[in-house]
Amino acid sequence: MKKIGMSINANDRRSKIEPELYGHFSEHLGRCIYNGIYVGEDSDIPNVNGARKDIIEAFRRIKMPVLRWPGGCFADEYHWKDGIGEKSSRKKMVNTNWGGVTEDNSFGTHEFFDLCEQIGCEPYLAGNLGSGTVQELSEWIEYITFDGESPMTEQRRKNGREKPWKLKYLGVGNENWGCGGNMRPEYYADEYKRYQSFCKNYSGNELYKIACGPNADDFKWTEKLLENVNAMHTKGISLHYYTVPTGVWETKGSARDFSDELYYSTISKTLYMETLIKGHTEIMDRFDPENKIALIVDEWGCWYDVEEGTNPGFLYQQNTMRDAIVAACNLNIFNSHSDRVKMANLAQAVNVLQALVLTEGRDMVLTPTYHVFDLFKEHQGGELVYSHADDVRAGGKDEIPMLSESVSVKDGRMTVTLANCSIDDDAEVSCSILGFAGRKASAEILTAPSCREYNDFDAPERVAVRPFEVKTDENGFTAVLPKCSVVRITLS
Ligand code: AHR
């Protein structure tokens, strides 16, 4: 057992934790949309307008605030007009990025907006800048948001939707430094400005435009982009960073079968997210000292080798307690930097990479990562307050801080989220609290006997949230966190 001191000062209010920090991502990739979220109206799996009821319910339970679609790399080869109208006559295409499978476009704009309405979340569209045209993107916005008479709205009505939808978040391109066109930042910046100029605010709708930002530590991209694009053109720039345990893309490592050493290097690589956010924020502070442009981490999560026997282009992987710790660390980091980070989207929601939910036929399992989002949801819309934990280290080479934490206050309640990242030692956390009188505590824990534990179709509850005991007194609280655990404490 290791002892860790912690302190909270609720008088020191920091930034609002936007609900969108708890956002998600769904791409036309593998079984994320088809045979995942969307099974079609004729499926005997219970669905509403083709979307699985159990998945919608699960998403609602964690208060999913925003869903990004249709990619990823897919976005820059997606032509939205192929995905509207009578399904049987929709044009097919090859999904060149993800397994070369034939995309029948049966899930398109109407289906996506209907899905978001069912979930109760904001839609976030990734527009095609790589292989599309300015006119195509401009017309998509008109089709979706314009309330008047126009060729686009005439088509929308013909396709069954009388009233426009609201669309706030619009990404203009995806990874345009890579799969989205292999561009230089200067070239992309010019293209971005051209495209965004023709994405208009119709009928009271206000777009929150997001430019393609850097890949991981490509600080040059951020710098060059912001030399050319300012707050008149964009509300946010994206950042993509994936945790790859080995750090080698060709041999990323298995989702379930990993050494202790690889566990610690996975967490260490995850914590690098904070270095990245600080580095890009430093550059943003220089170009945008008034903090008008947000950092949008719209792809994050663990990326492993695919499960044996599955299509390598489908990126299907299991999800263990290790992923739960990764999720908790990332979410605590996003909370702590919520002055600049205003949205983050886990990759991806269903059956792809670090998924919330896995499906097999009619069955669905909630992953350990899902349960972390369930525990952390109380932070949404809260106010971050100052917190600090002693730097007690874990891991063979003492490579990582043992405790990950963040604290927020909302509606007279304090939410404290903690992760004991050690797989060797329990942590006794003694926390003093200033500026908050509430000492009535309730707590829940997510843990398992091993960091390799996961939920499967024959054992869906192996890793689940359980009640947890915390002691409070006039100074604060004390809790013993078992190794490899995630805890939420609510004080009121
Ligand atoms: O999430 C999978 C892929 O990762 C996305 O399509 C792409 O944007 C990123 O490289």
Side-chain angles (χ1 to χ4, degrees), residues 23-34 36-37 66-78 93-101 103 107 112 124-132 169-183 188 192 210-218 221 236-245 247-250 252 255 269-270 273 276 295-307 310-319 323 326-327 330 343-358 367 369:
H24 294 275
F25 171 35
S26 57
E27 179 165 11
H28 287 234
L29 193 180
R31 293 189 300 115
C32 183
I33 299 289
Y34 303 113
I37 298 173
V66 61
L67 186 61
R68 179 172 182 248
W69 176 83
C73 296
F74 181 78
D76 279 297
E77 62 177 14
Y78 180 64
M93 66 177 279
V94 186
N95 190 335
T96 63
N97 287 289
W98 307 119
V101 294
E103 159 70 54
F107 188 91
F112 176 64
Y124 171 13
L125 291 185
N128 179 347
L129 177 142
S131 72
Y169 299 109
L170 175 69
V172 182
N174 169 77
E175 295 195 351
N176 303 92
W177 35 259
C179 65
N182 284 301
M183 299 172 189
Y188 169 75
Y192 170 80
I210 298 164
C212 167
N215 178 24
D217 60 358
D218 187 352
W221 180 280
I237 66 167
S238 61
L239 163 67
H240 288 185
Y241 175 62
Y242 285 95
T243 299
V244 176
V248 180
W249 280 92
E250 291 69 35
K252 296 177 276 298
K269 292 204 158 61
T270 295
M273 177 68 89
L276 294 177
L295 191 58
I296 306 287
V297 188
D298 59 17
E299 287 187 32
W300 66 269
C302 284
W303 194 322
Y304 307 123
D305 295 335
V306 297
E307 291 295 323
T310 65
N311 187 328
F314 282 14
L315 311 187
Y316 178 76
Q317 61 191 42
Q318 250 298 354
N319 194 296
D323 296 83
V326 166
N330 272 316
M343 192 199 306
N345 307 71
L346 173 70
Q348 299 195 3
V350 177
N351 291 333
V352 169
L353 299 177
Q354 192 176 344
L356 290 173
V357 158
L358 301 176
T367 64
T369 297

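One-based numbering, in listed order, for ligands and for the atoms of each. Scope of the values below: all heavy atoms of this structure, side chains included, with no hydrogens, waters or symmetry mates. Counting from 1, the numbers follow the sequence of the chain as shown. Remember, predicted model here, so these are calculated numbers, not experimental data.
For the pair W177 (side chain) and G213 (backbone), a donor-acceptor distance under 3.5 Å is present. Under a 3.5 Å cut-off, the side chain of S238 and the backbone N or O of D298 do not form any donor-acceptor pair. Without hydrogens or angle criteria, Q317 side chain to C302 main chain gives a donor-acceptor distance under 3.5 Å.
In this structure, the protein non-hydrogen atom closest to atom 8 (O) of ligand 1 is E299 OE2, 2.7 Å. Protein heavy atom in closest approach to atom 1 (O) of ligand 1: Y242 OH, 2.7 Å.
For ligand 1 and Q348, the ligand atoms under 4.0 Å from any heavy atom of the residue are 1 (O), 2 (C). Shown in contact with C73 at under 4.0 Å from a heavy atom are these atoms of ligand 1, numbered in order with element: 5 (C), 6 (O), 7 (C), 8 (O). Each of the atoms 1 (O) of ligand 1 lies under 4.0 Å from some heavy atom of F25. Below 4.0 Å from some heavy atom of E175 lie the following atoms of ligand 1, by number and element: 7 (C), 8 (O), 9 (C), 10 (O).
Figure legend: R68 and Y169 shown without cation-pi pairing, the cationic atom not lying both under 6.0 angstrom from the six-membered ring centre and within 45 degrees of its axis.
For ligand 1, the polar-atom distance check finds no N/O of C179 at less than 3.5 Å from any of the ligand's N/O atoms. The shortest N or O to N or O distance between W303 and ligand 1 is not below 3.5 Å.
Taking 4.0 Å as the cut-off, F74 does not count as a neighbour of ligand 1 on heavy-atom distance.
Contact annotation: for N174 versus ligand 1, heavy atoms closer than 4.0 Å belong to the side chain alone. Heavy atoms of L353 found under 4.0 angstrom from ligand 1 belong exclusively to the side chain.
Between K269 and V244, the closest heavy-atom pair is CD-O, 3.1 Å. Closest non-hydrogen pair, F314 versus V352, comes out as O-CG2, 3.8 Å.
Using the six-membered ring where Trp is involved, Y242 and W303 have ring planes that are perpendicular, over 60° apart on the 30 and 60° scheme.
Inspection of the Y34 and E103 side chains reveals an N or O donor paired with an N or O acceptor under 3.5 Å.
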